[in-house]
Amino acid sequence: QVQLVESGGGEVQAGGSLRLSCAASGSIFSINDMDWYRQPPGKQRELVAAITNGGSTDFADSVKGRFTISRDNAKNTVSLQMNSLKPEDTATYYCHAYLRTRRTNPVQSYWGQGTQVTVSS
């Protein structure tokens with residue numbers, strides 16, 4: 001069984017910073033992409049940032065230059081450093097990973113339970 005557990009959410013004033021972390025645990029053979037998504041109140045879930053197991057990154061236009069994503073392949077963790085936060089960054093943030101539980105198993109999608117980020121003006 002695989003679990004993705006996020007931590008680091010909270011409330012911060014506009015202009016502040018937060019760092020989210022996600023740890024994948026359980027029966028994991030390999031992890032491909034690890035991503036952060038967010039879902040603002042009343043809106044659809046959207047991709048915020050992604051990182052491949054080789055370290056290539058991609059960001060939503062709305063967070064470019066403010067957020068960075070990093071991962072530790074040895075520890076199966078991914079982090080999202082969020083700087084210059086804006087009220088519109090308020091959302092539930094979800095960790096996501098594509099991974100295999102065994103060498104012969106197909107790559108599957110796994111989600112964390114989400115962590116709330118609230119940015120006040």
Side-chain angles (χ1 to χ4, degrees):
Q1 203 164 4
V2 174
Q3 279 191 315
L4 271 62
V5 179
E6 301 103 334
S7 60
E11 185 166 354
V12 65
Q13 288 191 330
S17 298
L18 282 174
R19 185 177 181 84
L20 305 183
S21 296
C22 172
S25 63
S27 179
I28 297 172
F29 174 76
S30 64
I31 302 178
N32 293 3
D33 291 5
M34 300 187 83
D35 319 299
W36 287 96
Y37 283 75
R38 69 185 180 187
Q39 186 164 16
K43 296 185 178 180
Q44 289 188 329
R45 194 172 297 189
E46 61 181 5
L47 178 65
V48 176
I51 184 167
T52 68
N53 55 13
S56 296
T57 60
D58 195 18
F59 297 91
D61 287 343
S62 59
V63 307
K64 281 181 181 176
R66 301 188 297 122
F67 290 11
T68 57
I69 187 171
S70 59
R71 66 188 281 176
D72 184 330
N73 291 334
K75 297 181 179 179
N76 291 338
T77 59
V78 62
S79 297
L80 185 69
Q81 177 66 41
M82 305 184 293
N83 298 328
S84 302
L85 283 162
K86 304 176 181 179
E88 50 263 44
D89 295 318
T90 295
T92 302
Y93 283 71
Y94 296 90
C95 177
H96 172 262
Y98 287 106
L99 60 87
R100 296 177 192 272
T101 54
R102 291 185 179 184
R103 182 180 60 83
T104 54
N105 284 4
V107 173
Q108 292 183 296
S109 175
Y110 290 85
W111 292 91
Q113 81 286 354
T115 185
Q116 179 65 35
V117 171
T118 302
V119 184
S120 57
S121 57

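We count residues from 1, following the sequence as given.
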task: Would you check, one step at a time, whether the test side-chain contact (heavy atoms from CB on, under 4.5 Å) holds for Thr101 with Ile28?
output: CA-CA 4 Å; Thr101 54; Ile28 297 172; 5.8 Å; no
task: Look at Asp61 together with Lys64 and state whether they make a salt bridge at an N to O cut-off of under 4.0 Å.
output: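 Looking at Asp61 and Lys64, the cut-off is met.
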Using side-chain heavy atoms (C-beta onward) and a distance below 4.5 Å, is [X] in contact with [Y]?
X	Y	value
Ser21	Glu6	no
Gln81	Ile69	no
Leu47	Asp35	yes
Ile31	Asn73	no
Arg45	Thr92	no
Ser17	Met82	no
Leu20	Val117	yes
Val63	Arg38	yes

field: From CA spacing to verdict: side-chain contact (heavy atoms from CB on, under 4.5 Å), Phe59, Ile51
entry: CA-CA 9 Å; Phe59 297 91; Ile51 184 167; over 6 Å; no
Shortest non-hydrogen contact from [X] toward [Y]:
X	Y	result
Pro41	Thr90	CD-O, 3.9 Å
Val5	Gln113	CA-OE1, 3.9 Å
Ser84	Arg66	O-NH1, 2.9 Å
Gln116	Ala91	NE2-O, 3.4 Å
Leu85	Leu18	CD1-N, 3.8 Å

- prompt: In this structure, which one of Tyr93, Tyr98, Tyr37, Trp36 forms a ring-ring contact (aromatic ring centres under 6.0 Å, His included) with Trp111?
  reply: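 By the ring-ring contact (aromatic ring centres under 6.0 Å, His included) criterion, Trp111 pairs with just one of Tyr93, Tyr98, Tyr37, Trp36: Tyr37.
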query: Crowded around Glu46 CD? As in, over 12 foreign heavy atoms under 6.0 Å?
result: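 Atom CD in Glu46 is crowded, with more than 12 foreign heavy atoms closer than 6.0 Å.
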- prompt: Should Ser79 and Met34 be marked as a side-chain contact (heavy atoms from CB on, under 4.5 Å) after you check the CA-CA gap, both sets of side-chain angles, and the distance that decides it?
  reply: CA-CA 10 Å; Ser79 297; Met34 300 187 83; over 6 Å; no
- prompt: Is Tyr94 reachable from Leu80 through a run of I, L, V, M, F, W or Y residues, each pair having side-chain heavy atoms under 4.5 Å apart?
  reply: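 No, Leu80 and Tyr94 fall in different hydrophobic clusters.
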Measure the [atom1]-[atom2] distance between [X] and [Y] for me, rounded to the nearest 0.5 Å.
X	Y	atom1	atom2	answer
Asn32	Ser109	CG	OG	11.5 Å
Thr77	Asp72	OG1	CG	4.5 Å
Ser25	Gln1	OG	CD	9.5 Å
Arg100	Ser27	CZ	OG	13.5 Å

- prompt: Please walk me through it: do Val2 and Leu99 pass side-chain contact (heavy atoms from CB on, under 4.5 Å)?
  reply: CA-CA 10 Å; Val2 174; Leu99 60 87; 3.9 Å; yes
message: According to side-chain hydrogen bond (donor to acceptor under 3.5 Å, both in side chains), who are the partners of Gln108, at least two apart in sequence or on a separate chain?
response: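 Gln108 satisfies side-chain hydrogen bond (donor to acceptor under 3.5 Å, both in side chains) with Tyr110 only.
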